Amino acid sequence: EERFTPSAAGIMLGSSRMFSGARLMSFEYLTVRMDEDGIVYLPAPGGRPSPAVFRLTRSERNLAWFEAPDHDYPRRIRYTVKDDRLVVSIDAGADDPEPRSWQLSRVSCDS
């Protein structure tokens, strides 16, 4: 599960939760904002800010690609829209033998 606020004043705030059945496996706070060099993605896994700064290195209509080449793992985070799904992928770089990805579907927030 991943949610983002709409962009306002150059910043988007997000959160994600990963479940196995009814059990919470992990959570993360996310910030996407502008800095002096462009757009950055700042994760806070488990609520703890990461020293990694992921820079937007590629952007197209259905793709946002963030990279932090000096970070241990992940080094790349990609958001891709395919059909009616959002695919979130992470990896350790182009030679990663085991990249990970999740397919997210839009759901209504109405109660």
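Keep in mind that what you see is a predicted model, and the values were worked out from it rather than measured.
Val40 and Met34 fall into different hydrophobic clusters, where Ile, Leu, Val, Met, Phe, Trp and Tyr side chains are chained together by heavy-atom contacts under 4.5 Å.
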Inset, instruction - Could you walk me through whether Asp91 and Glu98 pass side-chain contact (heavy atoms from CB on, under 4.5 Å), step by step? - result: CA-CA 7 Å; Asp91 62 48; Glu98 296 183 33; over 6 Å; no
Inset, instruction - Quick one: do Leu30 and Met12 satisfy side-chain contact (heavy atoms from CB on, under 4.5 Å)? Show the steps, please. - result: CA-CA 8 Å; Leu30 312 159; Met12 291 171 56; over 6 Å; no
Legend entry - Criterion side-chain contact (heavy atoms from CB on, under 4.5 Å) on Thr80 and Leu86, from CA distance to verdict: CA-CA 6 Å; Thr80 309; Leu86 178 66; over 6 Å; no
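A distance of 5.0 Å separates OG in Ser20 from CE in Met25, rounded to the nearest 0.5 Å. Note that the CZ atom of Arg78 and the OG atom of Ser89 stand 4.5 Å from one another [nearest 0.5 Å]. Separating the OG atom in Ser15 from the CD atom in Glu28 is a distance of 10.0 Å, to the nearest 0.5 Å.
Residue Trp102 comes nearest to Met18 through the heavy atom pair NE1-CE, 3.4 Å, listed as atom of the first residue, atom of the second, then distance. The minimum heavy-atom distance linking Ser50 with Pro45 is given by the pair CB-CD, 4.1 Å. Between Gly47 and Phe27, the shortest heavy-atom contact is N-CE1, 3.5 Å. For Ala52 against Leu42, the heavy-atom pair with the smallest separation is O-CD2, 4.2 Å. Considering all non-hydrogen atoms of both residues, Gly21 and Phe19 come closest at O-CB, 3.6 Å.
Using a distance-only test at 3.5 Å, with no hydrogens or angles considered, a donor-acceptor pair links the side chain of Arg48 to the main chain of Gly46. Distance alone, capped at 3.5 Å, places no donor-acceptor pair between the Asp83 side chain and the Arg85 backbone.
Put simply, the side chain of Phe4 does not reach to within 4.5 Å of the side chain of Leu13, judged on heavy atoms. Gln103 has its side chain out of reach of Val88: every pair of non-hydrogen atoms, C-beta onward, lies at least 4.5 Å apart. In this structure, the side chains of Ile39 and Arg33 stay at 4.5 Å or more apart for every pair of heavy atoms. Two residues are said to be in side-chain contact when any heavy atoms from C-beta on lie closer than 4.5 Å; Tyr41 and Tyr79 meet this criterion. Residues Thr31 and Ile11 are in side-chain contact: their nearest non-hydrogen atoms beyond the backbone lie under 4.5 Å apart.
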Table please: side-chain donor-acceptor pairs of residues 57-72 below 3.5 Å, with sequence neighbours left out.
from: Thr57; atom 1: OG1; to: Trp65; atom 2: O; distance (Å): 3.4
from: Thr57; atom 1: OG1; to: Glu67; atom 2: OE2; distance (Å): 2.6
from: Arg58; atom 1: NE; to: Glu60; atom 2: OE2; distance (Å): 3.0
from: Arg58; atom 1: NH2; to: Glu60; atom 2: OE2; distance (Å): 3.0
from: His71; atom 1: NE2; to: Tyr73; atom 2: O; distance (Å): 3.1

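Note on Glu1 versus Arg3: salt bridge recorded, some NZ/NE/NH1/NH2 to OD/OE distance being below 4.0 Å. A salt bridge is absent between Asp96 and Arg76: the closest approach of a Lys/Arg side-chain nitrogen to an acidic carboxylate oxygen does not fall below 4.0 angstrom.
Under a cut-off of 6.0 angstrom, the local environment of OH in Tyr29 is sparse, with at most 12 non-hydrogen atoms contributed by other residues, nucleotides or ligands.
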